[in-house]
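Hydrogens, waters and symmetry mates are skipped; everything else that's a heavy atom, side chains included, is used. Numbers here simply count residues along the sequence, with the first being 1. Since the model is a prediction, treat every value here as computed from it, not as a measurement.
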Amino acid sequence: MSTTYPMVRVEKVDKYFGDLHVLRNVDLEIQNSEVVVVIGPSGSGKSTLLRCLNHLEKIDHGRIEIDGRLIGYREVNGRPLELSESQVAKHRRDIGMVFQQFNLFPHLNALENIAAAPINVLKKDRNAAHAQARELLALVGLPEKEQSYPEQLSGGQQQRVAIARALAMEPKLMLFDEPTSALDPEMIKEVLDVMIDLSQKGMTMVVVTHEMGFARAAADRVVFMDEGQIVEEATPEDFFERPKHQRTKLFLSQILP
């Protein structure tokens, strides 16, 4: 991994949906092996920012670099020129993403779900891909579930398989978009435990979540967004114990006991 560049560099990014200004002049840098948790009220732009990081959403102004490489565009005479979908797909190989919904292939078992992209995209040998998938199932605590199909798994187990599937592409960066929001309360911890383990192994992570306990336990930095802007960013201790901005204080007073 590069030591020259931050893993993520967001510079003066604007994003519109029609007349709605969803991201407003956003600047953000994330270093290699850093875990950044993004929180804020609904509609603040958190998930949109995450989707812009791997060009699932196109930005209207500014630039986004992952490990020193412009995402979604190349520069020609100082102006951004959008890449083809196949070129963007190559950029996305370095970025794993886990969504609210698990999006597993229902006709494939857990092992096959994890091995599918390495085999089909990276052209990895099937036996090697399956061996890697077994290692990843063990990593997420599901070594006994390799032959289980999604419908046979709980929501928490499906999300852990989805995390393993994203890791199978050996990404430099992992994005999590409210990964526990579709889970029953008793299943949330098993997913967060896997994410904490990943953070301790040095994976660079950007996590949009409402789980404040995870933010306290795993984040190097907490970023608070409101109305498309980054209002405040700080270490978890400073953020939760000594917030500076009035908007942050109001938000925390509404969500913390």
Side-chain angles (χ1 to χ4, degrees), residues 6-10 13-15 17 20-31 33-54 56-57 59 64 95-101 156 159 163 166 173-185 187-200 203-257:
M7 183 57 69
V8 177
R9 177 180 281 145
V10 179
V13 164
D14 285 286
K15 171 65 182 175
F17 290 124
L20 190 61
H21 198 174
V22 184
L23 296 178
R24 299 169 180 262
N25 201 37
V26 172
D27 288 310
L28 180 66
E29 282 195 2
I30 298 169
Q31 303 304 319
S33 297
E34 192 176 15
V35 177
V36 171
V37 171
V38 184
I39 66 174
S42 296
S44 59
K46 310 181 299 294
S47 292
T48 300
L49 174 61
L50 208 64
R51 291 172 66 85
C52 287
L53 291 182
N54 65 356
L56 287 176
E57 296 288 354
I59 62 176
I64 294 174
I95 308 169
M97 187 157 185
V98 178
F99 299 87
Q100 296 178 37
Q101 302 301 324
Q159 191 62 296
I163 292 172
L173 170 68
M174 283 285 286
L175 309 177
F176 294 85
D177 188 8
E178 299 190 22
T180 60
S181 65
L183 300 179
D184 293 333
M187 296 177 185
I188 290 174
K189 183 178 183 299
E190 63 192 48
V191 173
L192 294 180
D193 284 348
V194 168
M195 294 170 61
I196 288 172
D197 184 51
L198 274 181
S199 72
Q200 293 170 344
M203 175 60 72
T204 312
M205 298 163 57
V206 187
V207 184
V208 171
T209 185
H210 296 291
E211 299 295 334
M212 297 302 111
F214 174 82
R216 289 179 185 270
D220 295 299
R221 218 170 356 133
V222 179
V223 171
F224 174 60
M225 292 187 69
D226 188 40
E227 295 183 347
Q229 296 178 302
I230 293 177
V231 175
E232 185 164 351
E233 52 183 301
T235 64
E237 182 180 2
D238 284 342
F239 184 84
F240 289 108
E241 304 301 330
R242 295 175 289 277
K244 294 179 179 178
H245 290 264
Q246 198 59 38
R247 182 66 187 91
T248 312
K249 294 175 183 177
L250 176 61
F251 177 80
L252 291 175
S253 73
Q254 293 171 335
I255 64 167
L256 295 179

Atom pair CZ (Phe176) and CG (Leu198), whose distance is rounded to the nearest 0.5 Å
5.5 Å

pair Leu256-Phe240: side-chain heavy atoms closer than 4.5 Å
yes

Go through the steps to decide whether Glu237 and Arg216 satisfy the test salt bridge (Lys or Arg N to Asp or Glu O under 4.0 Å), and finish with yes or no.
CA-CA 7 Å; Glu237 182 180 2; Arg216 289 179 185 270; over 6 Å; no

dist Met203:CE -> Ile163:CD1 (nearest 0.5 Å) comes out at 11.0 Å

Atom pairs and distances, side-chain donor-acceptor, residues 21-30, under 3.5 Å, sequence neighbours left out:
from  : atom 1 : to     : atom 2 : distance (Å)
His21 : NE2    : Asp14  : OD1    : 2.7
His21 : NE2    : Leu23  : O      : 3.0
Arg24 : NE     : Glu227 : O      : 3.2
Asp27 : OD1    : Lys12  : N      : 2.7
Glu29 : OE2    : Arg9   : NE     : 3.2

Working to the nearest 0.5 Å, report the span between CG of Asp226 and CG of Leu250.
9.0 Å

Strictly by modelled atom types, are Glu57 and Thr48 linked by a side-chain donor-acceptor pair under 3.5 Å?
no

Rounded at 0.5 Å granularity, tell me how far CZ in Arg221 sits from CG in Asp238.
13.0 Å

Would you check if the side chain of Glu232 reaches a backbone N or O of Phe239 as a donor-acceptor pair within less than 3.5 Å?
no

Are Glu178 and Thr209 linked by a side-chain donor-acceptor pair shorter than 3.5 Å?
no

Which heavy-atom pair separates Cys52 from Ile64 by the least distance, and what is that distance?
O-CD1, 3.5 Å

What's the shortest heavy-atom distance between Ser199 and Ala218, and which atoms?
OG-CB, 4.0 Å

Heavy-atom nearest pair, Met97 first then Arg51, reads CE-CG, 4.0 Å

Testing Leu49, Ile95, Val98 for side-chain contact (heavy atoms from CB on, under 4.5 Å) with Leu175, which one passes?
Ile95

Measure across Pro236 and Ala215 and return the closest heavy-atom pair with its distance rounded to 0.1 Å.
CG-O, 3.5 Å

Taking every heavy atom of Gln159 against every heavy atom of Phe99, the minimum-distance pair comes out as NE2-O, 2.9 Å

Side-chain contact, heavy-atom cut-off 4.5 Å: Val222 with Thr235?
no

Rounded at 0.5 Å granularity, tell me how far NZ in Lys249 sits from CZ in Arg242.
12.0 Å

Rounded distance (nearest 0.5 Å) linking atom CE of Met205 with atom CD1 of Ile196:
9.0 Å

Ring of Phe224, cation from Arg247 - is the NZ or CZ under 6.0 Å from the centre and inside 45° of the axis?
no

Can I get a per-line list of side-chain donor-acceptor pairs under 3.5 Å for residues 35-47, giving both atom names and the distance, sequence neighbours left out?
from  : atom 1 : to     : atom 2 : distance (Å)
Ser44 : OG     : Pro41  : O      : 2.8
Lys46 : NZ     : Gly40  : O      : 3.1
Lys46 : NZ     : Pro41  : O      : 3.1
Ser47 : OG     : Asp177 : OD1    : 2.6
Ser47 : OG     : Asp177 : OD2    : 3.4

For side-chain contact (heavy atoms from CB on, under 4.5 Å), just list the numbers for Gln31 and Met7, CA-CA rounded to whole Å, side-chain angles, deciding distance to a tenth of an Å, and then say yes or no.
CA-CA 5 Å; Gln31 303 304 319; Met7 183 57 69; over 6 Å; no

Tightest non-hydrogen contact, residues Ser33 and Thr204, listed as N-OG1, 2.7 Å

Pairwise side-chain contact, Val194 with Glu190, heavy-atom cut-off 4.5 Å (strictly under)
no

Checking side chain to side chain donor-acceptor pair (under 3.5 Å) for the pair Gln100/Ser181: CA distance, chi angles, key distance, verdict?
CA-CA 6 Å; Gln100 296 178 37; Ser181 65; 3.3 Å; yes

